[in-house]
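See below for the structure under consideration.
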Amino acid sequence: MTALAPAVPTRRPVLADALLHRTSWLLDAVLVVAGAAIVALLAQVEIPLPIVPITGQTLAVLVVGSALGARRGAAALVTYMVAGLAGLPVFAGFSGSLAAIMTPSFGFILGFVPAAFLAGWLAERAWDRRPWLALVGFVAASIVPFLVGVPYMAYILNVVMGAGYDLAGILAVGVTPFLAGGLVKAVIAAVLIPAAWRGVRAVDAHWR
């Protein structure tokens with residue numbers, strides 16, 4: 001009889017696992033809250049625009065999702081969103097309230113949750129350990145908030161506010177201004193995360 005080859009695990013350790021070497025529900029909760037705090041901090045790095053500002057949130061989403069993994073990364077972004085809706089000043093411009101749901105930019109905050117999940121899912125398959133592969137994954141994750149945010153923005157602007165934007169207008173205010181910045185943030189994440197992995201491997205090799 002032919003021996004069966006051992007199954008290769010589909011999920012590999014992410015940065016948080018490699019750094020901490022252990023896990024528990026309490027530690028996971030701390031990581032989730034810390035991830036939400038990082039997003040809140042980078043949300044305040046802001047370039048104001050008339051409809052939706054350019055912020056550091058997307059970079060935070062990529063880094064947090066990749067470092068924590070799919071489930072913890074998505075949980076961190078849910079925590080961030082709930083904190084803002086509860087009134088904590090974690091959204092851009094130190095804002096936060098339930099009224100944020102009716103703003104054109106809120107759809108992007110919703111989209112951050114699946115974006116963090118995707119970044120984490122790819123990290124669990126070691127996409128975050130090589131810069132070029134990490135860049136591909138981070139670009140893909142950066143697209144996700146637009147898939148949610150742009151239709152949401154169009155609905156708020158046109159249906160709720162009666163602004164009457166056509167497709168070209170929606171793209172001009174909700175997509176075009178963010179393309180260059182989104183690519184830059186994906187490149188930054190694709191430099192930071194693989195560099196962090198190199199640091200982890202160097203420390204592990206030193207202590208062996």
Side-chain angles (χ1 to χ4, degrees), residues 29 31-66 68 70-121 138-186 189:
L31 290 172
V32 165
V33 172
I38 291 172
V39 178
L41 180 64
L42 286 184
Q44 311 316 320
V45 180
E46 179 183 7
I47 300 175
L49 291 176
I51 304 298
V52 179
I54 297 174
T55 72
Q57 285 168 306
T58 305
L59 174 59
V61 169
L62 299 178
V63 170
V64 167
S66 179
L68 299 189
R71 289 179 295 178
R72 290 179 302 202
L77 270 297
V78 170
T79 301
Y80 167 75
M81 179 176 63
V82 171
L85 293 177
L88 295 181
V90 297
F91 295 156
F94 294 102
S95 63
S97 74
L98 194 59
I101 293 174
M102 301 306 295
T103 62
S105 61
F106 186 72
F108 292 93
I109 295 174
L110 287 172
F112 289 155
V113 177
F117 184 92
L118 177 59
W121 188 88
F138 289 143
V139 168
S142 298
I143 293 172
V144 175
F146 291 95
L147 300 179
V148 180
V150 173
Y152 192 101
M153 181 184 66
Y155 175 80
I156 296 297
L157 288 175
N158 290 338
V159 178
V160 177
M161 298 181 175
Y165 280 87
D166 60 10
L167 178 59
I170 291 295
L171 295 178
V173 298
V175 177
T176 306
F178 306 98
L179 294 179
L183 181 58
V184 169
K185 285 179 272 190

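For reference, positions follow the sequence shown, starting with 1.
Applying the side-chain contact (heavy atoms from CB on, under 4.5 Å) rule to V52 yields the partners S105, F108, M153, F178; only residues at least two apart in sequence or on another chain are considered. For F112, there are no ring pair (Phe, Tyr, Trp, His ring centres under 6.0 Å) partners two or more places apart in sequence or in a different chain. Listed by chain and residue number, L157, N158, Y165 satisfy the side-chain contact (heavy atoms from CB on, under 4.5 Å) test with A163 (two or more places apart in sequence, or in another chain). Applying the side-chain contact (heavy atoms from CB on, under 4.5 Å) criterion to V175, with sequence neighbours excluded, gives F146, V150, L171, L179. With sequence neighbours excluded, the residues forming a side-chain contact (heavy atoms from CB on, under 4.5 Å) with L98 are L85, I101, listed by chain and number.
Between A92 and T55, the shortest heavy-atom contact is CB-CG2, 3.9 Å. Nearest approach of V144 to L118, heavy atoms of both residues: CG2-CD2, 3.9 Å. Residues L62 and A141 come closest through the heavy atom pair CD2-CB, 3.6 Å. Contact between V64 and A76 at its shortest, heavy atoms only, is CG1-CB, 3.9 Å. The minimum heavy-atom distance between V148 and G107, with the atom names listed, is CG1-O, 3.4 Å. Listed here is the closest heavy atom pair of W121 and A70: N-CB, 3.7 Å.
Within the model, atoms CD1 of I143 and OG1 of T58 stand 12.0 Å from one another, a figure rounded to the nearest 0.5 Å. Note that the CD1 atom of I54 and the CG atom of L49 stand 4.5 Å from one another [nearest 0.5 Å]. With rounding to the nearest 0.5 Å, the separation of CD1 in I109 from OG1 in T103 is 6.5 Å.
With hydrogens and angles ignored, the 3.5 Å screen pairs no side-chain donor or acceptor of K185 with any backbone N or O of F138.
Sorted by first and then second residue, the salt bridge (Lys or Arg N to Asp or Glu O under 4.0 Å) pairs involving residues 72-84 (not counting sequence neighbours) are D17-R72, D28-R72. Here side-chain hydrogen bond (donor to acceptor under 3.5 Å, both in side chains) pairs that include residues 36-49, with residues two or more places apart or in two chains, number zero. For residues 73-94, the side-chain hydrogen bond (donor to acceptor under 3.5 Å, both in side chains) pairs, not counting sequence neighbours, are Q57-Y80.
Of the residues V160, I156, V173, I170, the one that meets the side-chain contact (heavy atoms from CB on, under 4.5 Å) test with P104 is I156.
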- Apply the test side-chain contact (heavy atoms from CB on, under 4.5 Å) to residues L183 and V139: give CA-CA distance (whole Å), side-chain angles for both, the deciding distance (0.1 Å), then the verdict. CA-CA 7 Å; L183 181 58; V139 168; 4.3 Å; yes
